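First the structure, in the form of C-alpha cells, and then the observations on it.
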Amino acid sequence: MNPVPATTGGAGLCSLARRAITGWALLGGVLLLAVVLVNVWTVIGGMIGFPFAGDFELSEIGVAVAAFMFLPYCQVQGENVTADVFTSNASPRWLYIFTAIGGALAFVFGCLLIWRMYFGMLDQKAYNLTSAILQFPVWVAFIPILISIAFLILAALVTLVESVSGAKNAS
Amino acid sequence: MPVDPIALGLIGLAVLIALIVIRVPIAYAMILVGAGGTALINGPQIFLSQLKTLAYGQFSIYDLSVVPMFVLMGALATKTGLSRDLFRAANAWFGWMRGGTAMAAISACAGFGAVCGSSLATASTMGKVALPELERYKYSPALATGSVAAGGVLGILIPPSVVLIIYAVIVEANIVTMFMAAFLPGILAVILFLLTIAVYVRLFPGSGPAHGAGSRAEFIDATKGVIPVLVVFGIVIGGIYAGLYNPTPAAAIGVFVVWLFGTVRGQLSLNDIKGSILETAGTTGMIYLILLGAELLKIFMSRAGVPQAAAEWVATSGYAPMTVMVILLIALILLGCLMDSLSMILLVVPFFWPVLVEVNGGIYQGAEGAGFGMSTDELKIWFGILALIVVELGLITPPVGMNVFVISALSPNTSMAQTFKGVMPFFLAELLRVGLLLAFPVVVLWLPRILQ
Amino acid sequence: QDYTFKLHHFLSAQAPAHTQMLEPWARQVEENSGGQVKIEIFPNMTLGGRPPELVQQVRDGVVDIVWTLNGYTPGQFPRSEVFELPGVYVNDPVASNLAMRELYDSDLAEDFKGMEVMFLHVHAGQAIHMAEKEVRSPADLEGSKMRIPTRTGAWVIEALGASPVAMPVPELPQALSKGVVDGAFIPWEIIPPLKIFEQTKYQIEGANEERFGTSVFQVSMNQGKWDNLPEDVQQAFRDASDEEWLVEMGEVWRGADDFGINMAVENGNEHIVLTDEETAAFRDALAPVHDRWVEDVTGSGVDGAALIEKAIATTQEHATK
Ligand code: NA
Ligand code: NA
C-alpha cells in the first residue's frame, strides 16, 4: 500500500529497532493464537459438556492487547492506509517528506497515548476494575499495552529517521 | 461560544480531506481532526481525559475480536495454496469458453471470498494466481486485470466480511444476520460479473480467446481442489448459519482448520505461519487504528452537533425515503474516490444510520407505516448490504482504487489506466446490482427471514 | 441559560430509560431552576467510548452527568452492589430505590468518590427466560447456559448450577434461537425491544413477583461541576431527584417490566409463577451468594455481613407490597 519502500536499509540502529518491533508483533501473534485456542476449546468443551464461561472476556482482553502489539509493526511497515492518488506523480523526495509528516504525527500521538494511558492504568488499578466472570484485573492488560505504545513511538522514530534521510538522498 | 454545527463539521471535513490529500495516513488524519476539533469546542482536557481508556475500550469490543481471526484465516489460506487450487478447478470448468479463464478468475475470487474476509487480500491472492494464466492464454490486459480487480470485491461481499462486521458493530446489528443477508447479493454479483464477461468478449472479440479443455481425469482432479474451501466454508459460515457457535469461535475454528489442512498437506511451514502472523499484524493494526480515529472524529462531530443537525435537516427537508437513501448511497460512492471502505463505513454510518432511522419512523418502527416499507430492524440489514456494495465500489473506481493499485502492481506490463478501463464494465454491473437490490429488498432479506 | 450539562448514556433515544426517566428528569431540573439550567442528553454513547467508560467520563469531567449500570465496572461499586443481591432485592423496586437513598450517606457514599450522585435506582429484577426448558426448580437449570447481566448475576447463575455466559445484548436473540445459550437472566423489560418471546417459550419468576436479584443504576454528576453550582441550582437537581421521584421511577421500571411480560404472554409464551415452595427452593439454593459476596467485598474493606443485614432491614421498612 505504501509506494515508499518500507525498508531503506537505514542505520544499524533502525534495523535493530525494526527487528525488535517485528519480534514484538510476532509475540502479539502468539497471543492471538492463544485466543484462537481458547475459542476452539470453548466450542469443543461446550459440545462435550465442559462449557467455559470466560472465553468472552479472554477474547476481548487478548485481542485488545494483541492489536496494540501490532500497532508498531503496522507503523514501521507503512501499512496505515493512505490515499495515494494526488501524490502518485510526486517525486520520491516529496513522498519521503509526506511519509515523514505521517511519522511525526504517529510520534506525537504515541507520546500522548503513553502518557494518558499510563494514568488510565492507574485508574483501573485504583478503582479495582476487573472482568465480570474471571475477575481478571484490567490494569494488568495495560502493561503490555504501554510497552506496545513505547514500541509505537520507536517505530515512528524509525519512520522519521528513514524518511528524512531518504528525502536528503533523493534530491 | 455558539458555532454553527454544520459549518464546524464542514470545516472539519475539509481539513480531514486536506490531510488525506497530502498523504497523511487516514487514521492519523481522523485522530488529528477529531482531537483538534474537540479541543477547539470544549478545551483539550476532554480529549486528554478520554484518551486514558478510549483506545482500550475500542480495541476490546467483543464483536471485533473476530476481525484479526478472519484476517489470519485468510492469510493462512493464501499460504496453503487454496487460491491456486480454486482457480485451477474453476479454469477446468469454464476455461474452454470464450472469456472462460476470466470467468474462472471471478469464480475463484468468489470461492476465496468464502474463506477470506478482505477484498484486498482476495484481489492480491487471486491476482498472483490468475494473472499469469490470463496472460498465457492471451487475454487482453484490460479484461485480465479488470476481472481480477473486480473479482476482489467478492472477497468482502461473500461472508465472512470484515467491513460487514464493523458495520454490525456500529449499528448494533447481529453479525450472523448480516452474514446471511450478504450471501444472495454476493451470488448475484458473481452471476452479473460472469454475464459481464460473456457480453464483453462478444463486444470485443479476441479479448478473451477460448482454449482447449483438458482430459476428463484432469477435470476431476482439478475439481477436487474445491473441497478444502467447501469444508472450511461449511464449518465456519455453515456453522454460524446453523447456529452452532458465534462468529468469534467460528473464526477461531476456521483458523484452526486451515492450519490443520495446510500442515497435513505439508504446505504450511513455520515461515509461512510467521508470514501470516505478520500480515495479520499489519492489517489488524491498520484496522484498529482507523477504528480509534473514527471514534475520535465521532466525538468531535457529536460535540459540534453535526449528526443532530443532519438528522433534523433531512427530517424537515420533506424528501421521500427512497430519495434520501439514494442521496446517501451516491455520497458514499463519491467519498469512495478518496477513502478506503473501512474508513468510510466508520466515518459515515454513525451519521447516516440515525438519519435513516428517523426517516423510517424510529428505532422500534415495524413494517407497517414505515418510511421504507420495512421494519427498522430489516432496514438495518438492507442498508448495511447496500452500503457495503457501494463502499466496495470505491475499491475499483479512480482515482483511489485499492484493488486496481494492487493488481497493477502485480502486472507491471499493464498500465493503471488500462486496468481502470477493464474494470468499468464490472462497475456498471455493480450499479445494476445496487439498482436491483434497491428495487427488490427481498433479495437481501429473504435468507435472514427464513434462517432466523 | 447559565448552566448547561451534557448527560451521556448507553441506550437509544427510544428506550424507556431515555423517554420515561432521563428526559422527564432533565426537563424537571430545568423547570426547577427557573430556566438557569439546560441539560442536553446524548444517547447511544454518541460522545464516544464504551459503556464501561461512562463512570470514568463523569469522574474526569469529559461529560457532566451520566446514567449507567454500576455492573459495567465490576468491583468499582462494592457497597451499593449489596442491593443487587437476591434476598436483598425481592420484588419491589420502589423499596430498593428508597432504601438506597436512606443508606446513601451512612453506607454507600464511599463508592462514589469524585462524583455527586443524583439518584440510584434498580430495575424490576432478574427473572429467567428459557428457550425450550420449563424451569420450576434449581435442578431444572442444572447445566444450562445462561446469559448473565453483571457479576452478581453470574454468581446467582452459578449458585443455581447453571453456567454463566456473557455476551452483548444484541446477540441474545440469535444465541437463544440457536442454542448458544439455553436462557437468559434479565428483567421482562428486555422482551419488547429484542422480541425475546420469539426465541423463548417460558418466562419464570417467583411467587409474588419475587426475583433473583437486580441491577443498580446511577445518575451522577461530576464532583467539580456540582461543587461549583450555586445552592439554588443544586436544589433544582435535588428537588427533581427526591423521594417522590424515586417512587415514581420504581413504578416506571415496574411498568416497563409488566409491559414486557404482557407482550410475551400475548404472543403465546408461558409465564410461570413459581409456587411458594418452589420459590423457597430457589431461595435456599441462592443462600451461598451472600457468603460469596461478603468474602469478595471484605477485600475492599467493606463489612459485607453487616451491610447485607442493614440493606435487607431498610428495604423491608420501605416495602410497598
Ligand atoms: Na469474504
Ligand atoms: Na476509489
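Sequence lines set the chain letters: A, B, ... in the order given, protein chains first and strands last, and positions in each chain run from 1. Reckoned from all heavy atoms, side chains included, excluding hydrogens, waters and symmetry mates. Note that the coordinates shown come from a computational prediction; the quantities given were computed from them, not determined experimentally.
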- Message: Only pairs of heavy atoms separated by less than 4.5 Å count here; which of B/Ser276, B/Ala27, B/Gly239, B/Pro68 has the most with chain A?
- Response: B/Pro68
- Whatever's closer than 4.5 Å to a heavy atom in chain B on A/Val43 counts as side chain
- So, does B/Ser269 use its side chain to make a donor-acceptor pair with the main chain of B/Asp272 at under 3.5 Å? yes
- Please look at A/Ala66 and chain B and tell me whether the side chain, the backbone, both or neither of the residue comes under 4.5 angstrom of a heavy atom of that chain. neither
- Task: Would you mind checking which part of A/Val108 comes under 4.5 Å of any heavy atom in chain B, side chain (CB onward), backbone (N, CA, C, O), both or neither?
- Result: neither
- Message: Using heavy-atom distances under 4.5 Å, tell me whether B/Ile17 contacts chain A through its side chain, its backbone, both, or neither.
- Response: neither
- Contact origin within B/Ile287 toward chain A - heavy atom pairs under 4.5 Å: neither
- Interface moiety of B/Leu19 toward chain A, non-hydrogen atoms closer than 4.5 Å: neither
- Shortest non-hydrogen contact from B/Met286 toward A/Glu79: CG-O, 3.3 Å
- Query: Side chain, backbone, both or neither: which part of B/Val24 has an atom under 4.5 Å from a heavy atom of chain A?
  - Reply: both
- B/Val115 and B/Val236, any side-chain heavy atoms less than 4.5 Å apart: no
- Query: Which heavy-atom pair separates A/Arg93 from A/Ala167 by the least distance, and what is that distance?
  - Reply: CG-O, 3.7 Å
- Query: For A/Trp115, is it the side chain, the backbone, both, or neither that has a heavy atom closer than 4.5 Å to a heavy atom of chain B?
  - Reply: side chain
- Message: Side chains of B/Ile166 and B/Leu64, heavy atoms from C-beta outward: is any pair under 4.5 Å?
- Response: yes
- Top contributor to chain B contacts, counting heavy-atom pairs under 4.5 Å, from A/Val63, A/Ile97, A/Val65: A/Val63
- Message: If you count heavy-atom pairs within less than 4.5 Å of chain B, which of A/Leu122, A/Ile101, A/Ile145, A/Leu112 leads?
- Response: A/Leu112
- Message: For B/Leu72, which atoms come within 4.5 Å of any heavy atom of chain A: side chain, backbone, both, or neither?
- Response: side chain
- Message: What part of A/Ile114 gets within 4.5 angstrom of chain B, counting heavy atoms only: side chain, backbone, both, or neither?
- Response: neither
- Does B/Thr283 reach the main-chain N or O of B/Thr280 with its side chain, forming a donor-acceptor pair under 3.5 Å? no
- Enter the distance from B/Lys274:NZ to A/Leu26:CG here, rounded to the nearest 0.5 Å. 6.0 Å
- Note on the structure: Looking only at B/Leu278, B/Ile253, B/Thr53, the option with the highest number of non-hydrogen pairs under 4.5 Å against chain A is B/Leu278
- Report the relative orientation of the aromatic rings in A/Phe142 and B/Tyr56; use parallel for angles under 30°, tilted for 30 to 60°, perpendicular for over 60°. tilted
- Would you name the heavy atoms of A/Gly103 and A/Ala156 that are closest together and state the gap between them? O-CB, 3.5 Å
- So, for B/Ser119 and B/Gly152, which heavy atoms are closest and what is the spacing to 0.1 Å? OG-O, 3.1 Å
- Note on the structure: Honestly, the part of B/Ile31 sitting under 4.5 Å from a heavy atom of chain A is side chain
- Message: Please classify the contact of A/Gln75 with chain B as side chain, backbone, both or neither, using a heavy-atom distance under 4.5 Å.
- Response: side chain
- Task: Could you tell me whether the side chain of A/Ser131 and the main chain of A/Phe136 form a donor-acceptor pair under 3.5 Å?
- Result: yes
- Choice from B/Ile26, B/Leu48, B/Ile290 maximising heavy atom contacts with chain A below 4.5 Å: B/Leu48
- Segment of A/Phe119 engaging chain B (4.5 angstrom heavy-atom cut-off): both
- Task: Below 4.5 Å from any heavy atom of chain B, which atoms of A/Leu33 appear? Answer side chain, backbone, both or neither.
- Result: side chain
- Query: Distance from B/Trp259 atom CH2 to B/Phe256 atom CZ, nearest 0.5 Å?
  - Reply: 5.5 Å
- Note on the structure: Under 4.5 Å to a heavy atom of chain B? For A/Phe68 that would be both
- Task: Can you tell which part of A/Leu32 gets under 4.5 Å to a heavy atom of chain B, answering side chain, backbone, both or neither?
- Result: side chain
- Tell me, for B/Tyr288 versus chain A, whether the close heavy atoms (under 4.5 Å) come from the side chain, the backbone, both or neither. side chain
- Item | Closest non-hydrogen atom pair, B/Pro247 against B/Ile175 | CG-CG2, 3.8 Å
